[in-house]
Structures are given as structure tokens and as C-alpha cells.
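For the single chain, residues carry numbers from 1 onward in sequence order.
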Amino acid sequence: MTYNEILEELRGKLTGENYSENAEILKAEGQKYARAKNDDGIRAVGTLMMEIMPAEQVEEIKRLTHIDGERLDEIYKKIVALINEKNCVDAKPIAEKLYCKITEEYKEGENSKFVSTRNPFEDALLHNLFKPEKTINRTPFDFCTFISAYAFILVETGSTLEAIPVLEKAIEFNPVDCGPKFELAEVYKLLKNKKKLIEVTKDTLKVASSPVALARCYANMGYMCADMGEYDDAVVFYTVSSMVAPHPAIPYELRSIAQKFNKPIVKPEASQIEKTFAKYELICAPDPDVIKTASQLSATYLAKGDIPNALNALKILYNLTKDEEIKQLILKYDPNAQQINRDGTPMNTEGGAPNITRTVNENPEA
């Protein structure tokens, strides 16, 4: 269905009795379209919510979600377009204005704070890890990503140090999103700040919910060790990164350090891997709280009969554990679920059937 068709269908579902009843109807429809990742449906729900809302509320929402009559997400799209054109100079003042708007209008209050979590898993992980005592309010857009873009622009335009507090602000809006943490790690790489690079990588590992995210953390540790001259530790971290989620850059990194130290690459033994991880107070596995959150969430949604959300949590769980029972449970509810080989490529299945999706967030570090 097109946007206009969805709009008309939704209008037909409204009772016309009062605002609160219609708002509840639209809220339910919005959740349905969000689960289906139907952007036109979500946009249509938003349009109708504005239509039925009292005028004074509409004006307040516009004040919070617009700059000079333009919606914040549309401004962000302009910034991304300029970044893609490698025009960070023109993007910088726009991104700065967007950043100032967000940080001014969505400040943390005495009893509440705003967060930009993107799905039920991130919501659950946030509460399990940080146990917020304040009331949590969801932001209208993904401010964590919006702010991270400004930090990227700052780095690209030579203001590397200025990017640090900006990325820290992005993390405040979503402390379980790996994206700004990875960007912060890149900043510390540029600044050659080994201590802070290790610190932010440890923080990222606490929330990493996919093999890709875990592998990038290990690769960052490998980079840091190579830079410090810790050849054996670098080989361990790069090797484990490749084992968890292969990336074409890793063999080149290993070759580079072999040449730098004039030593052949020898695959580390399991005991050496364990010893190296212990040296940096790390475990060579997903964080137990991440596993626990995905497990609890999948059980909760299965008990409610909410299969789509249960599957999202189960796929995160399977991705991190490779538990065969979880795989079979996923295939029970979604026979066409995508299955991925260890190297991240689609698995060939009999009859050419579609292949268990890697994660609810297909691009965890973006």
C-alpha cells in the first residue's frame, strides 16, 4: 500500500469520538507499522496524530521537533547528503545547529531523562545494565545517531578533541548503542591515547550484541597492541576478531605487523588467548548480561505470543551463542529465517531456501 492508501485506511479506523481514543488507535497502528519497518505507515500515523491533536499541543511539538519550520530528521538527511558528498565544511554549521537544538530542548531533568533506544532489546538492556532511577522518555528521533554525525564532521574538519564531549553526549542518549563508542575509539586512535582506547573498548564489549560488534572491539584491541609494540597480544586479538566475524581488513593487519616486527604469524593456542584476554581483564565471549537480556526478552515475548519481537531477541541470542536448540526454535516460528555461515556469508540450504538473520540491528556499529 502507498502512503496515501495507508492514510485513508487509518482515517477509516478512527472513531471520531474523542482525541484520547483516536490517539490509542493510532498508537497501536504505529507499533504495528514499526514492527513491520513500514516507513510509509509510520509517517501516515504521524500525520494523523498531528491532525487530531489539539492546536496548542501541535505547536509545542513543532517547537520541539523543528528548526525554522524544518523537521529535525529532514535536517539530518541534509547533513548525511553533504557528508556523502564529502562536503563536511558546509555540513558543519547545520550539524552544530541541530546539536544545539537537541541538547537544549532535551536536557536531563531532575526526575526524568531522554533516551534514543531503537528497539525493545536496547530498552531491556538499558534497564538491565544501568537500572535508571529517573523516568525514561523516548526521543522523537534517533538523537544518538544525529549527534554522532556531528562528531564525525568535527573529526573530518580537524576538530578532533571537540568531538570527544559530543560523542559522550551521543552515548548519554543511548548508552547501549555501539556506534558512538566505536567513533570514540577511532578518536582515541588518532590521539594515540591507549588508556582511553582500552577503556572505551571495554565499555563497548559490555553492550555488544552481535558478532560483528564483538569482532570490531577485538580488532581495536589488536590495533592498540600493535601500536604499543605488543606483537603477541596484537596477533591474539586480531585472530580472535577474525574467528568471531571475519573482515577482509584483518589479514592485511596481520601481514602488516608481521612485517613490522619481522616475525611470522603463528595462530595462538587457546591457553594463550585466555591468558591475553585476562591480562586486559577481558573475557573472550559476549557479555553475560547481554545474553541474559536476550534470553529473558525472548521468553517474555513468547509467553505473550508476540512472535516478531520474540524472534528478534532469539536471533540475537543465537547469533551470540550458536545454540542449536535456539536455532531450531527460531526455525519453528520462522522457517525461512536466514542462516549465516561463520564467515558471514549466506549458508546454502537445500532447495535454495532463504537463509537466521545476524542481528536485529543489521549494522550495529553504524
Side-chain angles (χ1 to χ4, degrees), residues 31-32 34-37 117-130 174-179 204-219 239-247 270 273-274 277 282-366:
Q31 291 172 343
K32 181 183 73 175
R35 285 194 296 269
K37 297 182 180 180
T117 48
R118 298 166 294 186
N119 51 62
F121 174 76
E122 289 190 346
D123 288 339
L125 188 59
L126 173 70
H127 282 83
N128 283 349
L129 289 182
F130 300 98
N174 190 351
V176 297
D177 182 359
C178 290
T204 311
L205 283 168
K206 291 176 184 176
V207 300
S209 60
S210 76
V212 173
L214 289 169
R216 184 164 175 180
C217 289
Y218 301 148
T239 300
V240 173
S241 176
S242 187
M243 290 166 60
V244 171
H247 189 282
I273 292 173
E274 184 178 353
F277 272 73
L282 299 172
I283 58 168
C284 186
D287 191 278
D289 283 325
V290 174
I291 298 291
K292 180 182 177 182
T293 298
S295 180
Q296 290 176 336
L297 200 61
S298 61
T300 298
Y301 280 122
L302 284 174
K304 291 179 178 179
D306 186 341
I307 302 306
N309 276 320
L311 282 169
N312 284 336
L314 284 169
K315 289 172 182 177
I316 293 172
L317 192 57
Y318 173 71
N319 231 4
L320 296 174
T321 64
K322 294 298 185 282
D323 186 307
E324 187 64 24
E325 290 185 7
I326 296 170
K327 175 181 174 180
Q328 295 308 316
L329 188 57
I330 292 169
L331 294 174
K332 173 185 174 181
Y333 291 105
D334 184 7
N336 293 326
Q338 188 179 32
Q339 297 181 50
I340 302 293
N341 289 315
R342 190 181 66 82
D343 65 356
T345 59
M347 183 184 297
N348 291 324
T349 54
E350 187 176 350
N355 284 319
I356 296 173
T357 305
R358 279 200 267 176
T359 173
V360 67
N361 178 15
E362 290 295 343
N363 192 13
E365 67 271 26

For a side-chain contact (heavy atoms from CB on, under 4.5 Å) check, start with the C-alpha distance between N312 and F121, then their side-chain angles and the critical distance, and finish with the verdict. CA-CA 8 Å; N312 284 336; F121 174 76; over 6 Å; no
F277: ring pair (Phe, Tyr, Trp, His ring centres under 6.0 Å) partners, not counting sequence neighbours: Y218, F237
Just wondering, more than 12 heavy atoms not from Q31 lying within 6.0 Å of its CD? yes
Are D323 and L317 side-chain neighbours, meaning at least one heavy-atom pair lies under 4.5 Å? no
Quick one: are Q296 and N128 in side-chain contact, heavy atoms under 4.5 Å? yes
I need the minimum non-hydrogen distance between D334 and K315, along with the two atoms involved. OD2-NZ, 3.4 Å
S242 side-chain N/O to T239 backbone N/O, donor-acceptor pair under 3.5 Å: no
Exactly one candidate in C217, C284, P211, P286 meets side-chain contact (heavy atoms from CB on, under 4.5 Å) with V244; the answer is P211
Side chains of V207 and P175, heavy atoms from C-beta outward: is any pair under 4.5 Å? no
Can you name the closest pair of heavy atoms from L129 and K206 and give their distance? CD1-O, 3.8 Å
Counting only heavy atoms from other residues, nucleotides and ligands, does the tally under 6.0 Å from NZ of K292 exceed 12? no
Side chains of D287 and L205 in contact at under 4.5 Å (non-hydrogen atoms): no
Quick one, L314 with L329, criterion side-chain contact (heavy atoms from CB on, under 4.5 Å). Give me CA distance, side-chain angles, the key distance, then yes/no. CA-CA 8 Å; L314 284 169; L329 188 57; 3.9 Å; yes
Approximate separation, where rounding is to 0.5 Å, of K332 NZ and I307 CD1: 8.5 Å
Under 4.5 Å between any side-chain heavy atoms of I326 and S298, yes or no? no
Does N309 form a side-chain contact (heavy atoms from CB on, under 4.5 Å) with K304? I'd like the steps, not just the answer. CA-CA 10 Å; N309 276 320; K304 291 179 178 179; over 6 Å; no
Nearest heavy-atom contact between Y301 and P120 is OH-CB, 3.3 Å
Testing the basics here: between S241 and A215, what is the closest heavy-atom pair and its distance to 0.1 Å? OG-O, 2.7 Å
Of all residues at least two apart in sequence or in a different chain, which pass the salt bridge (charged side-chain N to carboxylate O under 4.0 Å, His left out) check with D123? R138
State, to 0.1 Å, how close D177 and R118 come at their nearest heavy-atom pair, and which atoms those are. OD1-NH2, 3.2 Å
Do the non-hydrogen side-chain atoms of S209 and L125 ever get within less than 4.5 Å of each other? no
Under 4.5 Å between any side-chain heavy atoms of I316 and T293, yes or no? no
Tell me, with the steps shown, if R216 and T204 meet side-chain contact (heavy atoms from CB on, under 4.5 Å). CA-CA 10 Å; R216 184 164 175 180; T204 311; over 6 Å; no
